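Have a look at the structure that comes next, please.
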Amino acid sequence: MLTLDDRWGFRHRELAVPCAALRTPLRILHLSDAHLMPHDRAKMRHIRRVTDDDYDFVFFTGDVAEVPEAEALVPTLLTRPPRHGAYVVFGNHDHLRMDRVTMVKEMVTQTFYGKGTWSDPLAMKANFEEGGRWRVLINEAVTHEIDGRQVVIAGVDDPFTGEGDLQITMRDVKQADVLIGLVHVPTDLASFSQRGFHLVLSGHTHGGQIRLPGVGALITQCDLPRRHAAGLHWVERTAVHVSQGLGAGKLVRVRVNCPPTSYAITLGG
């Protein structure tokens, strides 16, 4: 079945990912690519509804706010703080607000041009973290001791704009029983696998945003094969989840056969 505009057909999916290193399963909410605008009331209602549940972690993997005016809305999206933490990494649209010509060139060539208005990452971080519900990770890792296991959340800044650095992110990590990576663009996944990550969460692709029956995603906007533009796949022993995202950028405002989706992931068990 072909649906011609899925932008407001919000969905919520449940997934399970095995992880033998955990004694007790973790329940994770994965959000991505809201491209939030001040008038996005339906989108905000969906995010607030799904965050108002019992989670161990909530993760937002980039392209959160499409315009500076929407940054102040981010703290209002988390209606129920999770048990252990809510973390955000930036995406390319958070870092750089581009004109339409540059957006088209980047989409077609999958090349970063760096033209547009750059955000101040520290100011943006402060806006997102207002009220203390979210924490933005900029090439840094945090450790939680959960049921006798060291669970490390590694937040890598946006690779597309050249801000991400996995080596710097992991430099202070001394011990990790479970490694969870957050990164906007699902690229260089072999590096995460080589470091023994159990789960990597990402977005950026919007699941293709326009998907045709028998073809799938027309554009992934990264070096992933089209069949991996959304959903769960494995790189060696590392599970990689690519979100379909919750919004659409300013260039292409339509979603075809690709509804905006949030995900509840049970890790372990």
Side-chain angles (χ1 to χ4, degrees), residues 10 12 27-98 116-144 151-158 160-161 163-165 168-169 172 180-185 201-204 243 245-250 260 262-264:
F10 295 101
H12 187 62
R27 192 160 187 257
I28 294 167
L29 177 64
H30 181 198
L31 307 170
S32 197
D33 295 87
H35 293 274
L36 194 64
M37 300 285 282
H39 59 270
D40 282 339
R41 294 182 182 85
K43 189 184 301 177
M44 287 188 279
R45 281 197 300 270
H46 175 79
I47 296 173
R48 289 165 181 160
R49 184 169 61 250
V50 297
T51 60
D52 192 24
D53 202 346
D54 185 29
Y55 297 100
D56 293 293
F57 291 102
V58 176
F59 299 131
F60 214 133
T61 53
D63 281 4
V64 182
E66 187 70 12
V67 294
E69 295 78 11
E71 292 176 11
L73 297 171
V74 175
T76 73
L77 299 177
L78 188 61
T79 55
R80 181 177 176 182
R83 194 169 291 107
H84 300 296
Y87 294 100
V88 181
V89 292
F90 292 142
N92 56 304
H93 280 250
D94 296 311
H95 276 298
L96 183 65
R97 274 76 192 228
M98 296 169 284
T117 303
W118 285 87
S119 302
D120 178 345
L122 295 183
M124 186 164 51
K125 173 181 168 73
N127 287 336
F128 285 12
E129 292 182 343
E130 179 71 28
R133 292 199 165 193
W134 298 98
R135 179 174 173 183
V136 176
L137 298 178
I138 303 176
N139 292 324
E140 58 185 311
V142 294
T143 300
H144 293 264
V151 178
V152 173
I153 313 302
V156 182
D157 206 353
D158 177 54
F160 193 74
T161 51
E163 302 296 320
D165 193 317
I168 289 176
T169 302
D172 294 326
I180 300 174
L182 311 178
V183 63
H184 180 59
V185 182
L201 302 178
S202 63
H204 185 66
S243 169
L246 291 163
K250 290 187 293 185
S262 53
Y263 303 86

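Computed from a predicted model, the values in this text were never measured in an experiment.
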Query - Arg27 bridged to Asp56 by N-O distance under 4.0 Å - result: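 So Arg27 does not pair with Asp56 through a salt bridge.
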
**Report entry** Closest non-hydrogen atom pair between Ala34 and Leu246, with its separation
**Finding:**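 Between these two residues, the closest heavy atoms are CA-CB, 4.1 Å.
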
Report task. Please work out which of the three classes, parallel, tilted or perpendicular, describes the rings of His95 and Trp118, given edges at 30° and 60°. Result ->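 Plane angle between 30° and 60°, so tilted.
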
Requested in this report: Look up atom CD1 in Ile180 and atom CZ in Phe59, then write down how far apart they are to the nearest 0.5 Å.
Outcome: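 Ile180 CD1 to Phe59 CZ: 5.0 Å, rounded to 0.5 Å.
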
Query raised in the report: In Å, rounded to the nearest 0.5 Å, how long is the span from CG of Asp54 to CZ of Arg83?
Result: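 One finds 4.0 Å between CG of Asp54 and CZ of Arg83.
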
Query - Aromatic ring pairing Phe10/His46, orientation class (parallel under 30°, perpendicular over 60°, tilted between) - result: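 The arrangement is parallel - the two ring planes meet at less than 30°.
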
**Report entry** Rounded distance [0.5 Å steps], CG in Asn139 versus CD1 in Ile168
**Finding:**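 It is 6.0 Å, given to the nearest 0.5 Å.
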
**Report entry** Any residue meeting ring-ring contact (aromatic ring centres under 6.0 Å, His included) with Phe128, in chain and number order, not counting sequence neighbours
**Finding:**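 Partners of Phe128 under the ring-ring contact (aromatic ring centres under 6.0 Å, His included) test: Phe90.
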
Requested in this report: Identify which one of Asp94, Ile138, Val183 satisfies the side chain to side chain contact (heavy atoms under 4.5 Å, CB included) criterion when paired with Asp157.
Outcome: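 Result for side chain to side chain contact (heavy atoms under 4.5 Å, CB included) with Asp157: Ile138.
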
Query - Parallel, tilted or perpendicular: ring planes of Phe160 versus His204, cut at 30 and 60 degrees - result: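 Answer is tilted, since the angle falls between 30° and 60°.
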
**Report entry** Ion pair check, Glu71 and Arg97, cut-off under 4.0 Å
**Finding:**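 Arg97 and Glu71: salt-bridged.
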
Query raised in the report: OG of Ser119 to NE2 of His93: how many Å apart, nearest 0.5 Å?
Result: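 With rounding to 0.5 Å, OG (Ser119) is 11.5 Å from NE2 (His93).
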
Query raised in the report: With a 4.5 Å limit on heavy-atom distance, are the side chains of Leu182 and Val156 in contact?
Result: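 Answer no - side chains too far apart.
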
Query raised in the report: Side-chain donor-acceptor pair under 3.5 Å between Thr79 and Thr51, yes or no?
Result: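 Yes.
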
Query raised in the report: Closest approach of Ala72 and Pro75, non-hydrogen atoms and distance?
Result: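 Shortest heavy-atom separation between Ala72 and Pro75 comes out as O-CD, 3.4 Å.
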
**Report entry** Heavy-atom closest contact (Leu201 atom, Thr61 atom, distance)
**Finding:**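 The pair with the smallest heavy-atom distance is O-CG2, 3.5 Å.
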
Query raised in the report: What's the shortest heavy-atom distance between Met37 and Leu73, and which atoms?
Result: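 Reported closest heavy-atom pair: O-CD1, 4.3 Å.
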
Requested in this report: Please check if the side chain of Trp134 supplies one atom and the backbone of Val88 the other of a donor-acceptor pair under 3.5 Å.
Outcome: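 Such a contact is absent between Trp134 side chain and Val88 backbone.
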
Query - Smallest separation among heavy atoms of Leu36 and Lys43, with atom names - result: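 For Leu36 and Lys43, the tightest heavy-atom pair comes out as CD1-CD, 4.2 Å.
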
Query raised in the report: Does a donor on one side chain sit under 3.5 Å from an acceptor on the other, for Thr76 and Arg48?
Result: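 There is such a pair (donor and acceptor under 3.5 Å, judged by atom type) between the side chains of Thr76 and Arg48.
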
Query raised in the report: Rounded to the nearest 0.5 Å, how far does CG of Leu31 lie from CD1 of Ile47?
Result: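 Atom-to-atom, Ile47:CD1 and Leu31:CG are 6.0 Å apart.
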
Query - Gap between atom CE of Met44 and atom NE2 of His39 - 0.5 Å precision - result: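 Rounded to the nearest 0.5 Å, the NE2-CE separation comes out at 9.0 Å.
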
Query - Nearest heavy atoms of Asp33 and Phe60, plus distance in Å - result: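 Closest pair (atom of Asp33, atom of Phe60, distance): N-CE2, 3.9 Å.
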
Query raised in the report: With distance as the sole test, does Asp63 use its side chain to make a donor-acceptor pair with the main-chain N or O of Asn92 at under 3.5 Å?
Result: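 Answer holds: yes.
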
